[in-house]
Every structure is written in structure tokens, then in C-alpha cells.
Amino acid sequence: MSSQFKLMEQRRFLPFFLTQFLGAFNDNFYKNALVVLITFQAARLTELSPGVLVNLAAGLFILPFLLFSAIAGQFADKFEKSRLIRWTKLLEIGLMLLAALGFALMSLPLLLATLFLMGTQSAIFGPVKYAILPQMLDETELVGGNALVESGTFLAILLGTIVGGLLIEAPNGVAWVSAGTLAVAVLGYLSSRAIPPAAAVDPQMKIAWSPVRQTWQMIRFAADERTVFLSILGISWFWFYGAMFLSQFPGFAATVLGGDEKAVTLLLAVFSLGIALGSLLCERLSGKQVEIGLVPFGSIGLTLFGLDLWWASAGLEAGAAMRPLAELLAEPAVWRILFDLVMLSLCGGFYIVPLYALVQSRSAPSHRSRIIAANNILNALFMVAAAGLGAGLLAAGASVPQLFLVTALLNAVVAIYIYTLVPEFLLRFIVWLLVHTVYRLRVEGIEQVPEKGGAVIVANHVSFVDALIIMAACRRPIRFVMDHRIFRWPILSFIFRTSRAIPIAPASEDRAMMERAFDEVARALEAGELVGLFPEGKITGDGGMSPFRPGIARIVARTPVPVVPMALRGLWGSFFSRKGGAAMTRPFRRGAFSRIELVADAPIEAAEVSPEALYQRVAALRGDRA
């Protein structure tokens, strides 16, 4: 069983998971019950049209995220998190009692006010929901934990929406909804009582109550780390994309598929299950580390399957046919649409989970909750923008499939823009593709690489992609020293420049370049970075190891840092090695998905480093395989 599911057996995670699941379920349980009530009984409640009321309800739920997320982020950093969660769940019980009163009196103002207060409660819970995960989980569990939370959230949204819509239409539906939402709130509070304590990170902080000023301050906190801020923009864009699609499902089901409310439920179910499945697959695909290489993979799928959804829908203008679900499912075109939705949402899971994990892992613990609050604020703004764009395009005469087309194309533009600003995403994607297509990589001992501080990694040199394979295995960025000719290779040069590799030349060829390289290595190690080196100085031509050159001794003599020996196994004879002639002349000679290994040993202190000693350590790790 995957370790992410083993988390469900542990007290440090299961009570929190149940609490957040029940909270998301209850939000949508109440919200959809109210929307259905408004839609079919608006005449009894008010003179306003159902369409206006439904949009008003949606706005009232989102508005608190804009108004109160900044203050909620401060709460989550100032107070012990498990106690703060219990406070929010007690508040939810009070709100459900208020909702029951509103249903009993059939008071629309009271029901809408309760919806606004539920949005406020959710806005308070939002920052602590994600900020508590890095305190409960190890780094290797962070992706799996986020995957469970994201999949659970979307399944809770789905179930809450379905249950709310069904119960409110049942006999005595108002009473059933009142009792049900209250019962779920009580269960959420009971589960929250079992959440282990998570210490406050800034208990001396003074709460600033100005929403506008604090919102700006939160965004500044997030912007201090460029990659984190752009990841937040990426998350917000996902919510824009998702809101655009989800909000159009009723119109799409009615005017394109020609279905009824069951078709809407089917589309929502397919979308939610796809997100859940994609989220759960992230841990396996990422090797239990924060693998941002999945983000471009996900964004490509969001565009491609969004485009195909438009293409598949283009000829299905059905008007108001209102066909039963069984009749719809008899059409091959509908199955193609459902397939596109599954794949699109599955890619959404690949996209969103690594971004959340990246924000959590790279945010300063002292104000992580406030950074997540900034994320929630921007998420809400992007969802409002999606609603505005959707309404504007529909008013201008666009069809629902055309909205899907515009969103898919915008996704491609946004992705290219973000990956241009932060090439690290695209770099990790290329590296991830290499070790999941051409090769199958097994890693042993990678925990020997220090988590912080400068260190040198040395390995045998078997192929032109050795550096990429080591980069794929190591969670920390590595700056490799490499021959200046390879550094300039047309395709690989992008990867090497993006990873800030250090080009070097032999002294006989360009002494000045060699000295610049040693100076840059010293600066990198002094700054606490990892530097990678292949001391043989060349790729093996016969599968054996050449003697190690003295450069490694010069490096650690100037900047004493640990040296981590590694050995690459199984690459000799593969596509990127020299066996049988020049590299890349015999694709997959050993078969696709060649099994390769990377083995690391304990670090050697600088005082004990010599080329000969390192050679012996790497040779021992390598055994008789190259």
C-alpha cells in the first residue's frame, strides 16, 4: 500500500483529514441545497429572479475570502493550529443552528447571511488547512498528504453538492437539510478534537485588523520568494480554469448535450473523480518528493484535452432536448466528451498538488499561514475574474464550447509565461520525462546528500545525461561543472543554463575559463549550494572508469565541504552512452525503459578527500556495472 494511504491510519493525519473533508462536504451540502431552494421556490421567498439570486449566493460565499483571508492568515501563525481548528468547527455548529432557523422561518435574508458567514468560517479555516501539513508530515510525505487533501476536497464537494440537491427536494427536505448540516458540523468538531497540537509559529504577533493593508502585506510576503509567488499565481490560475468549466456545466449539459440535471451531476462527478485520481497518482509519479516537473505535464494536458473537448462538442448543439441520461450515454460523442473531462481533470491533479506542496515547503515557517492566506485571496480574485469573463463572453454571443476553447488557449499562454519566468518548472519536466520514458531509475542512499549547506557530489561519467539523472534523484538543486562544449549543445544547453551549470575548459585549451570555473565553484559552495562534478573529466569510452583528476582536491582545499560519492549503474550501452560508437546512434539498443541505478554513499570530510580515495569509493559503489 502506498505511504499516502498509510497516513490515513495515523492520528497525526486522519482526524485532520476527516475534519477538512466534513467541512468541505458541509459547505457544499448547505450551499447547493440553498441554490436548489432558490431556483425552484424563489417566488415564495422574494421578487428577485432565480438567476440573480443564484449568482448573489455564489458571490456571498466567495466574498469573505477576499475580506478576511489576511486576518485568518495571522490567526493561523499566531495561535496553536489544532485549537484554532476546533474554534472554527464550533463556529460551524453555531452557523448550522442559524441555518436551521432560517429554513424554519423560510427567511431568505437569514439564509443568505448564513451563507456569507459560512464563507467567513471557511476563509478562517483555509490558511490553517494547508499550513498545518508541513508541521504534521515529513518532507517525503508532503506530496502524498496534499494529494489526499485535494482528492478528499473534490470528492467532498461532489458528494455535498449531490446530497444537498437531493435532500432539499425530498419530502420535508428543509428539515432533512437542517438536521443533516448540523449533524455533519458536530461530526467535524468531534474529529477536530483528535488533531494533535501544532505549535504557533509567531505567538507574539499583534493582529492587524485592516483587511486592505494586510491583504497587500500578505501578497508582499509571498512575493519575497519568486518561485513561491509564481506558484501561487499558478494555483490561482487553476481555480480560474476550474471555475470556468464547473460554472458552465449546467448550460453545457442543457444546450450541448441536451440532458437534464442528471447530466449535470454526471459531468461534476467525472470532473471531481478525475481531480481525485490525478492527485492520488502524484505521489507515485513524483517519487514521494516535491516534483514540480509534473506541473508542465499537467498544464499541457489541461490545454490539449480542453481543446479536444471543444472539438468534440462543436457539432452537438442540442437545444432543449432534455434527453434522459441513458440515451445520452448511448452516443459515442458523449463518451469522448467524458473521456476529455476525465483526462483534463486528471491533469489538473498533476498540476495542482505539486504547486501546493512547493508553496508549503519553500515558504518561511514564520509566516507560512499568511502566504497561504495570500494564495486564498488570489484564488478568490481569479474565480471572480472567471465568472466575469464567462458572463461577458456568453453575453457577447459565445457558446459554452467556445468558452472552453478560450480557456484552453489562455491556459497555454499562461503556462508559457510562467515557465519563461521560472524555467525551473520546465527543467524539472524534462528531467522527469527522461527518467520516466527512456529509463527506469532506482535510487539508493540519496538521503546521504546534506539537506542544507555546501557539498560536492562526485560520480562516474557514463553518458551525456548523467547530470540530468542525478538532478532527477536529488531534491536539492545541483550546479554541475561540465565541459564547455557539452554546455553549448543545442537542446541540452537550455537545461544546463537553467540549472546554472558551470562550464569549464582544460588549462591547455583556455586557462582563463578554467580559473573562472573554479572561482564560481568556490562562490557556490560558500553560498551553501550543491556542486556536481565528474572527476574523470570525460565520458567513458569502454564502460570502465578513468583515473580521477586532481580538480576535486583543489576545490575542497579552497572551500572545505563534504564530498558525496555516487555511482551510476546500467547506463553503459544505453541510448545516451558511447557504446558501439557515438552516442544516440542506436536508440534503445537495450530496449526502452532501461533499468538504471544511482547509489550514493556517506559523505567524506574535506580533510580526507583525495582523487585516489574518491576513485576507490565510487568504484566500490559501481561494482562491475557501468
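What you are looking at is a predicted structure, and each value in this text was computed from that prediction instead of being measured.
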- [ ] Please check if the side chain of R12 supplies one atom and the backbone of M136 the other of a donor-acceptor pair under 3.5 Å.
- [x] yes

Task: T303 side-chain N/O to A408 backbone N/O, donor-acceptor pair under 3.5 Å - done: yes

Open item on the list: Within this structure, what is the CG-CD1 distance for the pair L34 and I168, rounded to the nearest 0.5 Å?
Closed with: 8.0 Å

Task: Value rounded to 0.5 Å, distance of OG1 in T407 from CH2 in W310 - done: 13.0 Å

TODO: Quick one: sort the F350 and F297 rings into parallel, tilted or perpendicular, breaks at 30° and 60°.
DONE: parallel

Open item on the list: For the OG1 atom of T181 and the CE atom of M118, what is their distance to the nearest 0.5 Å?
Closed with: 7.5 Å

Task: side-chain contact (heavy atoms from CB on, under 4.5 Å) between F29 and L159, worked out - done: CA-CA 8 Å; F29 185 2; L159 293 174; over 6 Å; no

Task: Under the side-chain contact (heavy atoms from CB on, under 4.5 Å) test, residues paired with P197 that sit two or more places apart - done: E80, S82

TODO: Kindly assign one of parallel, tilted or perpendicular to the pair F154 and W239, based on the angle between their ring planes and the thresholds 30° and 60°.
DONE: parallel

Open item on the list: Main chain of S192, side chain of T19: is a donor-acceptor contact present, judged purely on distance under 3.5 Å?
Closed with: yes

Open item on the list: If you define the side chain from C-beta out and look only at heavy atoms, does anything of F125 sit under 4.5 Å from L84?
Closed with: no

- [ ] First locate atom CD1 of I377, then atom CD1 of I372, and finally report the distance between them rounded to the nearest 0.5 Å.
- [x] 12.5 Å

Open item on the list: Has S272 got a side-chain atom pairing as donor or acceptor with A269's backbone, closer than 3.5 angstrom?
Closed with: no

- [ ] Determine whether the aromatic ring centres of W87 and F79 lie less than 6.0 Å apart.
- [x] yes

Open item on the list: As an exercise, state the distance from CG of L268 to CG of L158, rounded to the nearest 0.5 Å.
Closed with: 5.0 Å

Open item on the list: Whether the side chain of K81 engages the backbone of A198 through a donor-acceptor N/O pair (distance < 3.5 Å, no angle test) should be reported.
Closed with: no

- [ ] Mind listing the closest non-hydrogen atom pair of T153 and Q20 along with its distance?
- [x] OG1-OE1, 3.1 Å

Task: Smallest separation among heavy atoms of L14 and M8, with atom names - done: CD2-O, 3.2 Å

TODO: Keeping the roles fixed (side chain from N146, backbone from L142), state whether a donor-acceptor pair exists under 3.5 Å.
DONE: yes

- [ ] Could you pull out the closest heavy-atom pair between L60 and L112, with the gap in Å?
- [x] CD1-CB, 3.8 Å

Task: Closest approach of S231 to L358 (non-hydrogen atoms, all atoms of both residues) - done: OG-CD2, 3.0 Å

TODO: Using a 4.5 Å cut-off on heavy atoms from C-beta on, say whether the side chain of V149 contacts that of Y130.
DONE: yes

- [ ] Anything under 30° is parallel, anything over 60° is perpendicular, the rest tilted; go ahead and classify F404 against F245.
- [x] parallel

TODO: Kindly say whether the aromatic ring centers of F116 and F61 come within a distance under 6.0 Å.
DONE: no

Open item on the list: Testing the basics here: between F249 and L267, what is the closest heavy-atom pair and its distance to 0.1 Å?
Closed with: CE1-O, 3.6 Å

Task: Mutual orientation of the aromatic rings belonging to W237 and Y241 [parallel < 30°, tilted 30-60°, perpendicular > 60°] - done: perpendicular

TODO: Search all heavy atoms of L22 against all heavy atoms of V184 and return the closest pair with its distance.
DONE: O-CG1, 3.6 Å

